[in-house]
Protein chains: 2
Amino acid sequence: MTEVLRLLTRAQKLLRAAADEAMSRHGVRVGQNLVLEVLWETDGLTPGELAARLQVTTPTVVNTATRMEAAGLLVRRRDPVDGRLVRLHLTPKARAAQQPIAEARRLLAEHATATLTDEERRHLNSALKKIIERMTASTPPPGPGEDGQ
Amino acid sequence: MTEVLRLLTRAQKLLRAAADEAMSRHGVRVGQNLVLEVLWETDGLTPGELAARLQVTTPTVVNTATRMEAAGLLVRRRDPVDGRLVRLHLTPKARAAQQPIAEARRLLAEHATATLTDEERRHLNSALKKIIERMTASTPPPGPGEDGQ
DNA sequence: AGCTGATCATTAGCTTGCTATCGACTTGGA
DNA sequence: TCCAAGTCGATAGCAAGCTAATGATCAGCT
């Protein structure tokens, strides 16, 4: 019964490691990749906005942004209107990486699911969505004695 | 196409967070839980053996073991025959936690997949297994231009 | 017996997540 | 106008993963 937890953990770890290796060939680590994907779409977001979109805490984005700034992938600019805000802007270097990184990610997904049929892929996606919905909806932690039925 | 990567990451993160919260109620963090599950079965393993079973690197086990030792969950004992080896032995405290922790894990898995049919669960498990097999078998990183067909 | 190479665990240092706290800035009410 | 409360980003510190380098011990060969 708890098998699915182990399988999910293992699969995700393998995929993450493969993604990190692939991204690293383009000078981007696996966590930074997600920030890039959002900023490619909408440049100049604040750390808080980014965190909300990535479903991650603000400190995580702040730290990642610091590393990316050091790597020359983005710059911080203070918002001229509201001095509390910081806006994250991609550099040309980050834009240049868009194509190859998106392609690498596509290839990885294709490779990982290469032995699945289209139907199996659909089933997998829908099952994961159900789990996600179940875990986010009200999030009642299953304590001993109560059953989230 | 890359949707499945996002879904897997998100689902695993939600499950890990829920597991961490549940385990923490019994004085065990989510990474330590895995060490416990192996040592409940086979006490006195070395860090290297544990790492191999958990599919994790030795330093990860060493660091986790240090935290668990500080938490009073296990003790290190030098192997009397081979002085290079360290054997990890669970304390009574760790054994006492076995029942509730295993139960919490079972409840979590049940809760997470509560909205899936038995068939969907089987499909999910088999799809994850296929992905794991695909990613471990020879592990050809999909570089640009070549296709792991 | 003694040295060399292999095999362990450990340490150092990194990324990526988290929570809790701090400091700066804005805003609304007195 | 000015102070209090709220809202941001940044920092500190922890867990858990990784790689690379260190250090201790064992084993095999001369």
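Note on naming: letters A, B, ... go to the chains in the order of the sequence lines (proteins, then strands), and numbering restarts at 1 for each one.
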On DNA chain C, nearest-nucleotide positions of A:Arg78 versus A:Leu34: which is more 5'? A:Leu34
Does C:dT16 have OP1 or OP2 sitting under 4.0 Å from an N or O in the side chain of A:Arg67? yes
I need the CZ-C1' distance between A:Arg76 and D:dT11, as an integer number of Å. 12 Å
Within the 4.0 Å heavy-atom criterion, would you say A:Arg87 contacts the bases, only the backbone, or no part of the nucleic acid? nothing
Does C:dG17 have its OP1 or OP2 closer than 4.0 Å to a side-chain nitrogen or oxygen of A:Arg16? yes
NA contact type, A:Thr66, heavy-atom cut-off 4.0 Å: base, sugar-phosphate, or nothing? nothing
So, A:Arg76 versus A:Thr66: side-chain donor-acceptor pair below 3.5 Å or not? yes
Over how many whole Å does the gap from B:Asn63 atom CG to C:dT15 atom P extend? 17 Å
Does A:Thr57 have a side-chain nitrogen or oxygen under 4.0 Å from the phosphate oxygens OP1 or OP2 of C:dG17? no
Whole Å only: how far is the CD atom of A:Gln12 from the P atom of D:dG17? 12 Å
Write down the distance between CG (B:Leu54) and P (D:dC18), rounded to a whole number of angstrom. 10 Å
With A:Met23, which of A:Asn33, A:Leu108, A:Leu36 fulfils side chain to side chain contact (heavy atoms under 4.5 Å, CB included)? A:Asn33
So, OP1 or OP2 of C:dG17: does either fall under 4.0 Å of a side-chain N or O from A:Gln55? no
Using a 4.0 Å heavy-atom cut-off across all strands, classify A:Val61 as base, sugar-phosphate, or nothing. nothing
Rounded to whole angstroms, how far apart are CG on B:Asn33 and C1' on D:dG17? 16 Å
Distance (rounded to the nearest 0.5 Å) between A:Thr91 OG1 and A:Leu74 CG: 7.0 Å
Under 3.5 Å, is there a donor on one side chain and an acceptor on the other for A:Thr115 and B:Arg134? no
How many whole angstroms separate atom CG of A:Asp20 from atom P of C:dT16? 7 Å
Does A:Thr58 put a side-chain nitrogen or oxygen below 4.0 Å from OP1 or OP2 of D:dC8? no
For A:Asp82 and A:Pro59, find the nucleotide of DNA chain C closest to each by heavy atoms; which residue's nucleotide sits nearer the 5' end? A:Pro59
Between C:dA9, C:dT26, D:dA16, spot the one nearest the side chain of B:Arg29, thanks. D:dA16
Can you find a side chain N or O atom of A:Arg84 that sits less than 4.0 Å from OP1 or OP2 on C:dG23? no
Any base atoms under 4.0 Å from B:Val81, or only sugar-phosphate, or nothing? Heavy atoms, all strands. sugar-phosphate
Looking at A:Thr60, I'd like to know whether one of its side-chain N or O atoms comes within less than 4.0 Å of OP1 or OP2 on C:dT16. no
Quick one: label B:Val62 by what it contacts on the DNA or RNA (base, sugar-phosphate, nothing), any heavy atom closer than 4.0 Å. base
Going through the checks in order, is the side-chain hydrogen bond (donor to acceptor under 3.5 Å, both in side chains) test met by B:Arg6 and B:Thr2? CA-CA 7 Å; B:Arg6 251 180 294 271; B:Thr2 72; 2.9 Å; yes
If the threshold is 4.0 Å, N to carboxylate O, is there a salt bridge linking B:Lys129 and B:Glu133? no
Could you tell me the separation between the CG atom of B:Leu50 and the C1' atom of C:dC8, rounded to a whole number of Å? 14 Å
Within less than 4.0 Å of OP1 or OP2 of C:dC18, is there a side-chain N or O belonging to B:Lys13? yes
Using whole Å, what does the distance between atom P of nucleotide D:dG9 and atom CD of A:Glu69 come to? 14 Å
